[in-house]
Number of protein chains: 2
Amino acid sequence: MRHRNNKRATIRDVAKVAGVSPITASRAMQNSTKVRPATRQKVVDAARQLDYIPNLAAGTLATNASHLVAVILPNMSNSIFADTLQSISDSLRDSGYQLLVGYSDNSPELEESLVRTFLSRRADAIVLTGHVHSDQTNALLKSAAIPIVEMWSLNDEPLGACVGISNFDAAYSMTDYLFGKGHRKIGFIGGLLENNDRTQSRLDGYRAALMAHNLPIDESLIRDVPFEFEDGARAMRELLSNNNSLDAVFAASDILALGALLECNRRRLRVPGDIAVAGFDDERLAKLIKPSLTTIGVPRRAIGEKVAGVVLAALRGEAETQRVFDMGFSLVERESA
Amino acid sequence: MRHRNNKRATIRDVAKVAGVSPITASRAMQNSTKVRPATRQKVVDAARQLDYIPNLAAGTLATNASHLVAVILPNMSNSIFADTLQSISDSLRDSGYQLLVGYSDNSPELEESLVRTFLSRRADAIVLTGHVHSDQTNALLKSAAIPIVEMWSLNDEPLGACVGISNFDAAYSMTDYLFGKGHRKIGFIGGLLENNDRTQSRLDGYRAALMAHNLPIDESLIRDVPFEFEDGARAMRELLSNNNSLDAVFAASDILALGALLECNRRRLRVPGDIAVAGFDDERLAKLIKPSLTTIGVPRRAIGEKVAGVVLAALRGEAETQRVFDMGFSLVERESA
DNA sequence: CTCAAAAATGGTACCGGTATCATTTTAATG
DNA sequence: CATTAAAATGATACCGGTACCATTTTTGAG
């Protein structure tokens, strides 16, 4: 039942109805152990009777703890990040933390403005993707005195902690694998290399593997495109028209690889007979498409769980034993390469 | 430059440095018009000098406005909702609102707990997906006295406003279209029908179209599965093994349709020769897959923009002229059906 | 230059929780 | 039953903004 006036009940109202002091009512609602069960019951009943909804803004102001963990992702549409986000969310829920998510679009400026907002909202911790940030962002994060976690790539000198995989090693492995399958003219389709340390490292790994096998690095075999299916298809078209001896393509993302693969299908190129295609991420579609896609498996959920674990440990004030967590990758061999 | 002690500067600190009162400093930071340019400059300089970061929790408490718009989506992984979310976010950003997103997993209980949290954080408005809510949720929303928008489906009696499409009409149209192409044994793959008015309405539309053409409704042609590619493939397998005269399948989502289509490819069934496949949503992959997917186009971004528009109008206190916004759909005819 | 109106600025209190420390009540022990 | 430690409860103040209304300063007309 609500009162006639539509102003929301406060903890003081609840306390009055329960016949206790506001602070006792507050403790009762927090499940503090310092309240007698009978008292708690009175308070809970009063709260229910008044349709009491606590005001977290007031709580945040008083305790300087928002119970918000901010997460910055590059974009909304890539399901890769969605899986990691989901597992962070799941792992934090039980501890009473909620996610505040922002999307940077790979723009350091947008990221900086997100960080500012998150600090304004007094987020208890901030999780970022990658380690490319503006100087201002770095300064803000350093002086924030809250746990900071960078994820998805590794970094010897993380701002706080970092949880990810070696994108360099993974790309190196895949390129090496393609070489092992006899391919000598291997194209690379990267996504938005600028301000993206993940694709940048993957490109570096690709180059390093080529060099290790004394293959020339042909810049005309390298395409930098946005992260959509269509872009993968377009990049494949361009690579095919420029290089008639191309025999393999390694895409820095399954989205791009799938686009490329579909383009091959459309042209009735046999994969991997005429051309091999390899991706990165192990998207759900990768094993369903025909031919199924050889790719790099990334422990997306494990990354999220570890991120949440690191954040929680830091928030509990536990001493850090480790700052860099390499979650490992796997080369998933399927039909396409 | 930061001070020696690492406590954060407050508006009072800024005011002191600028040589004005706290309230004037506050006004200067809000870009209020009631401050002389010279004064504002002094305040802005002081704020910069102190690395001032406003505390939005305090602001929220004082003004009872959080500048947060809460959005509840069924899940994180469906890119359909990501597009709508993106456009809501884009449309609200300029007005200074930030999104607080939660995922209900199609569970009314989880949704209720999300609504409770959002109200606790004093969200300025709440956007929900669909109109299936628990009684408690309905009560909470009604008494919240903030703008409420339900999206993606239409509802004659929305809690506040609703912005979406007629899922019934769309499914009816597609089924009718399949009938027009000569198909008489049309299967239906729905996703998580329970607590999901969207798929439920689509099923109703499918049934109504069959009945309009005097076709029998065969429950063995209807599958209810989760929303992943694999589930679409599995449903297709089941339908094919049970009904050898099946000549078309309509899936309530492109994800499911793509899974079904890939299963057909795998079995070397000709689509649409042996069996026609139609989807719903017009996902990005739909026009790239081979054969390209006939589907229902939904104005995902337009829905988001309208939602944002309705929310902003309500927050500005503008009188509502309309409560139900039908954004329309389109039948996208491609190769698969 | 005067004076009224408008604009800018400031003092004080309040938003709704909770930390701190004091006080009261309860439980435990001999 | 007295005594004391432990547990529960409460009074007050504070977190950091801004609303409200009073006061001062500026502006512009006469």
Side-chain angles (χ1 to χ4, degrees), chain A residues 3 5-44 46-47 50-68 96 117 119-124, chain B residues 3 5-44 46-47 50-68 96 117 119-124:
Chain A
H3 274 121
N5 70 51
N6 59 3
K7 223 167 152 353
R8 211 158 248 151
T10 72
I11 194 79
R12 281 166 234 265
D13 300 328
V14 172
K16 201 167 294 173
V17 170
V20 299
S21 72
I23 182 65
T24 298
S26 171
R27 284 194 270 249
M29 298 302 289
Q30 302 307 318
N31 285 324
S32 159
T33 53
K34 316 184 76 177
V35 177
R36 194 174 317 188
T39 309
R40 183 193 320 283
Q41 195 54 51
K42 280 193 298 185
V43 172
V44 168
L50 295 174
D51 280 344
Y52 172 65
I53 294 181
N55 186 329
L56 284 183
T60 297
L61 181 58
T63 62
N64 203 30
S66 62
H67 292 273
L68 284 174
T117 325
L119 292 177
S120 276
R121 297 212 183 264
R122 293 299 185 265
D124 292 343
Chain B
H3 274 122
N5 70 52
N6 59 1
K7 223 169 152 354
R8 212 157 248 151
T10 71
I11 194 79
R12 281 167 234 265
D13 300 328
V14 172
K16 201 168 294 174
V17 170
V20 300
S21 72
I23 181 65
T24 299
S26 171
R27 283 193 271 249
M29 299 300 290
Q30 302 307 319
N31 285 327
S32 158
T33 53
K34 315 184 76 178
V35 176
R36 194 175 317 190
T39 309
R40 163 163 309 120
Q41 196 54 51
K42 280 192 297 182
V43 173
V44 168
L50 295 175
D51 280 343
Y52 172 65
I53 294 181
N55 185 329
L56 284 183
T60 297
L61 182 58
T63 61
N64 202 31
S66 62
H67 291 275
L68 284 174
T117 326
L119 292 177
S120 276
R121 296 211 183 265
R122 295 298 186 266
D124 292 343

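If you're wondering where the values come from, they're calculated on a predicted model, not measured in any experiment. FYI, side chains are in, hydrogens and waters are out, and symmetry mates aren't considered; it's all heavy atoms of this structure. A, B, ... follow the sequence lines: proteins, then strands. Residue 1 opens every chain.
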Do any N or O atoms of the protein come closer than 3.5 Å to N or O atoms of nucleotides 5-8 of chain D, and which pairs are they?
from, atom 1, to, atom 2, distance (Å)
dA8(D), OP2, T33(A), O, 3.4
dA8(D), O3', R36(A), NH2, 3.3

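Evaluation of the side-chain contact (heavy atoms from CB on, under 4.5 Å) rule for S120(A) yields I53(B), P54(B), L56(B) as partners, not counting sequence neighbours. With sequence neighbours excluded, the residues satisfying side-chain contact (heavy atoms from CB on, under 4.5 Å) with S21(A) are I23(A), T24(A). With sequence neighbours excluded, the residues that form a side-chain contact (heavy atoms from CB on, under 4.5 Å) with R36(B) are T39(B). With sequence neighbours excluded, the residues satisfying side-chain contact (heavy atoms from CB on, under 4.5 Å) with A58(B) are L61(A), N55(B). Take S66(A) and apply the side chain to side chain donor-acceptor pair (under 3.5 Å) test, not counting sequence neighbours, and it matches D124(A). Checked against side chain to side chain donor-acceptor pair (under 3.5 Å), Q30(B) has no partners two or more places apart in sequence or in another chain. With sequence neighbours excluded, no residue forms a side chain to side chain donor-acceptor pair (under 3.5 Å) with R122(B).
The interatomic distance linking Q41(A) (CD) with dT9(D) (P) rounds to 13 Å, in whole Å.
Interatomic distance, R121(A) CZ to T60(A) OG1, rounded to the nearest 0.5 Å: 10.5 Å.
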Using a 4.0 Å cut-off on protein heavy atoms (strictly under), produce a 5'-to-3' string for nucleotides 11-17 of chain C with B for base contact, S for backbone-only sugar-phosphate contact, and - for none.
-> B---BBB

